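Before any comments, here is the structure.
The structure presented is a predicted model; accordingly, all values stated were derived computationally and were not measured. When reading the values below, keep in mind they use all heavy atoms of this one structure, side chains included, and skip hydrogens, waters and symmetry mates. Letters go in sequence order (proteins before strands), and every chain restarts at 1.
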2 protein chains.
Amino acid sequence: MMWRFKHLSIMIIDIKLGETMKKTKPNHKKEATHERIVLAASKAIRRNGYDGVSVADIMKEAGLTHGGFYAHFPSREAMLVEAASKAGTDVLAVLADSVSSVPPQESLTKLLETYLSPSHINSCETGCVIGALGSETSRQSDDIRHVITQRVKEMVDLVARQTDDWGKPEAHERALSIVATMIGTLTIARAVDDPKLADAIVKASLKSLLENK
Amino acid sequence: MMWRFKHLSIMIIDIKLGETMKKTKPNHKKEATHERIVLAASKAIRRNGYDGVSVADIMKEAGLTHGGFYAHFPSREAMLVEAASKAGTDVLAVLADSVSSVPPQESLTKLLETYLSPSHINSCETGCVIGALGSETSRQSDDIRHVITQRVKEMVDLVARQTDDWGKPEAHERALSIVATMIGTLTIARAVDDPKLADAIVKASLKSLLENK
DNA sequence: TAAAAAATATTACGATTATCATATTTTATA
DNA sequence: TATAAAATATGATAATCGTAATATTTTTTA
């Protein structure tokens, strides 16, 4: 019994080493395809919601047919987790990039104006994943909620770093409420059918956020 | 032109009176059933999303079988509009009621604490419809977006009425950003899987909202 | 209580979807 | 270039869902 377990264990190690080594040379195409699918999915879920896209839709958007999907992911659900995670990462990169182009004392203003710009409000599929999927996330799997939670924390940190008293506990607390206002404003501005109301909410939130330091 | 408008006005009154009178005698049961279905749907969509409930689910929740549905609504979509509208109305009534029980100078605090209470955060299906369905609403039909827009406006008015300078334009502007923060905070608090983070966001938003008058 | 009308239930259809087995094509190795 | 292996495509299955036609039950009227 013992011996058979040991033997099995050695076999598994062999297989794993074999796979790891192979990755350096070939497998190149499969990885690229995998990422293409995740990218397509990260846009699709922000445009249509977690429930609003079929496996076939996403594969078509990635230029593939639906059947090959399960060579890349164990399930639709596993792909959604990767897509949500990537969507969050990409948006944080855009925001971090925008603040890096201005002097430190203007960086919070720049960040808020970028986030609440008409361009961001109107481009759901490449925008903030929490703004696009916020209310749906509470009903998703533990895995999805977990990756979204990570991105929320990263976003709060990014905002805190742009405040005057960065490092103090107040900065973090302040950043939490700023992020809440940013996401709420984006969500409402997209939801309502009255452009004047949408505009008024954006302007009011921007003013309030910039007034209170 | 004038006359035709007056005439039209009278006709509408007539029709309304006729309907109102009929209500007292027959049609009683059907209307009650209709409302029971709408109530079930208003809870179901807040719990599972616009796309997360089938006609059969809702009918079962209302104690009926799915086939009779089309005797009450021309389509699933038409029912969603009624459900979203009712959900918004009901929540506004709860909030208006909560502020009516305290003296005017405490009413904004009371409203915010009610909205951001653990009890509201944990009871999605009876809570704020925009908090529950905010990000999904931008992808819904014009009719749904329109009723949600009405409710947003009503909520902004309700908040504005609790501020010190109610009546001045600043009050309305201030109310817009308060509502954005309220909804963003609720959305994030429900989405994340880390109770400490959820709690920290709620506390930070409450503090910020109450500090700035 | 019998007939008419209204409300609800049963059953079915066509469309969509996640998943998977198998076939074909493309790429890598010898 | 021929063969092995990897990547992708084709086609099928079972489940779910909105809708609707028809049947049954309940309520109202005479």
Side-chain angles (χ1 to χ4, degrees), chain A residues 14-41 44-45 47-83 139-141 143-144, chain B residues 19 21-41 44-45 47-84 136 139-141 143-144:
Chain A
D14 279 346
I15 291 167
K16 279 192 181 168
L17 284 174
E19 278 181 359
T20 308
M21 290 172 104
K22 250 190 272 176
K23 267 188 198 172
T24 54
K25 269 288 165 65
N27 252 352
H28 199 263
K29 185 160 190 178
K30 187 166 191 181
E31 249 176 62
T33 302
H34 183 102
E35 277 169 36
R36 223 169 63 235
I37 299 172
V38 172
L39 177 63
I45 59 173
R47 190 179 50 232
N48 296 330
Y50 293 112
D51 298 344
V53 282
S54 68
V55 168
D57 288 340
I58 289 166
M59 291 298 274
K60 183 185 277 186
E61 205 163 315
L64 299 163
T65 53
H66 69 277
F69 178 82
Y70 291 89
H72 292 277
F73 303 91
S75 67
R76 179 178 182 278
E77 166 63 24
M79 180 219 45
L80 290 181
V81 175
E82 287 193 45
R139 299 190 303 265
Q140 300 303 311
S141 69
D143 285 349
I144 289 185
Chain B
E19 279 181 359
M21 290 170 105
K22 247 190 277 173
K23 269 185 199 171
T24 55
K25 271 286 166 64
N27 253 352
H28 199 261
K29 186 162 190 178
K30 187 165 191 182
E31 249 177 60
T33 303
H34 184 101
E35 277 168 35
R36 222 169 64 236
I37 299 173
V38 172
L39 176 63
I45 59 173
R47 189 179 50 232
N48 296 332
Y50 294 111
D51 298 343
V53 282
S54 68
V55 168
D57 289 339
I58 289 166
M59 291 298 273
K60 183 184 278 186
E61 204 163 317
L64 300 163
T65 54
H66 69 278
F69 179 81
Y70 291 89
H72 292 278
F73 303 92
S75 67
R76 179 179 182 277
E77 166 64 23
M79 179 217 47
L80 290 181
V81 175
E82 287 193 44
E136 284 148 280
R139 299 190 303 265
Q140 300 303 311
S141 70
D143 286 348
I144 289 184

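Regarding contacts with the backbone of dG18(D), every side-chain N or O of Ser75(B) stays at 4.0 angstrom or more from both OP1 and OP2. Thr33(A) has no side-chain polar atom (N or O) that falls below the 4.0 Å cut-off from OP1 or OP2 of dA7(D). For dC20(C), neither phosphate oxygen OP1 nor OP2 lies less than 4.0 angstrom from any side-chain nitrogen or oxygen of Tyr70(A).
Glu31(A) places its CD atom 14 Å from the C1' atom of dA6(D), with the value rounded to the nearest Å. Rounded to a whole Å, the NZ atom of Lys60(A) is 18 Å from the P atom of dT8(D). Put simply, CD on Glu77(B) is 13 Å from C1' on dG18(D), counting in whole angstrom units. In this structure, His72(B) places its NE2 atom 17 Å from P of dG18(D), rounding to the nearest Å. Here dA7(D) presents its P atom at 12 Å from NE2 of His34(A), a figure rounded to the nearest Å. In this structure, Glu35(B) atom CD and dA7(C) atom P are separated by 14 Å, rounded to whole Å. To the nearest angstrom, P of dT8(D) lies 13 Å from CZ of Phe69(A). Going from atom CE of Met79(A) over to atom C1' of dT17(C) covers 13 Å, rounded to whole Å.
Contact record, Met59(A) with Ile37(A): SD-CD1, 3.7 Å, taken as the closest heavy-atom pair.
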Check your understanding: Does the pair Thr65(B) and Lys60(B) meet the rule for a side chain to side chain contact (heavy atoms under 4.5 Å, CB included), with working shown?
Key -> CA-CA 6 Å; Thr65(B) 54; Lys60(B) 183 184 278 186; over 6 Å; no
*Would you check, one step at a time, whether the test side chain to side chain contact (heavy atoms under 4.5 Å, CB included) holds for Met79(B) with His72(B)?*
CA-CA 9 Å; Met79(B) 179 217 47; His72(B) 292 278; over 6 Å; no
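Comparing dT8(D), dC17(D), dT19(D) by their closest approach to the side chain of Val55(B) singles out dT19(D).
Counting heavy atoms from C-beta on, the side chains of Leu39(A) and Glu82(A) never come closer than 4.5 Å. Looking at Val55(B) and Phe73(B), their side chains never come closer than 4.5 Å, going by heavy atoms from C-beta outward.
Ion pairing of Arg36(A) with Glu31(A) is absent here, as no side-chain N (NZ or NE/NH1/NH2) approaches a carboxylate O to less than 4.0 Å. Between Arg47(A) and Glu61(A), at least one side-chain N (NZ, or NE/NH1/NH2) sits under 4.0 Å from a carboxylate O, which counts as a salt bridge.
Where Pro74(A) and Asp57(A) meet DNA chain C, the nucleotide closest to each residue was compared, and Asp57(A) sits on the side nearer the 5' end.
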Grab the N/O contacts between the protein and nucleotides 9-13 of chain C below 3.5 Å, and write none if there aren't any.
residue, atom, partner, partner atom, Å
dA9(C), OP2, Thr65(B), N, 2.8
dA9(C), OP2, Thr65(B), OG1, 2.9
dA9(C), O5', Thr65(B), OG1, 3.0
dT11(C), O4, His66(B), NE2, 2.8

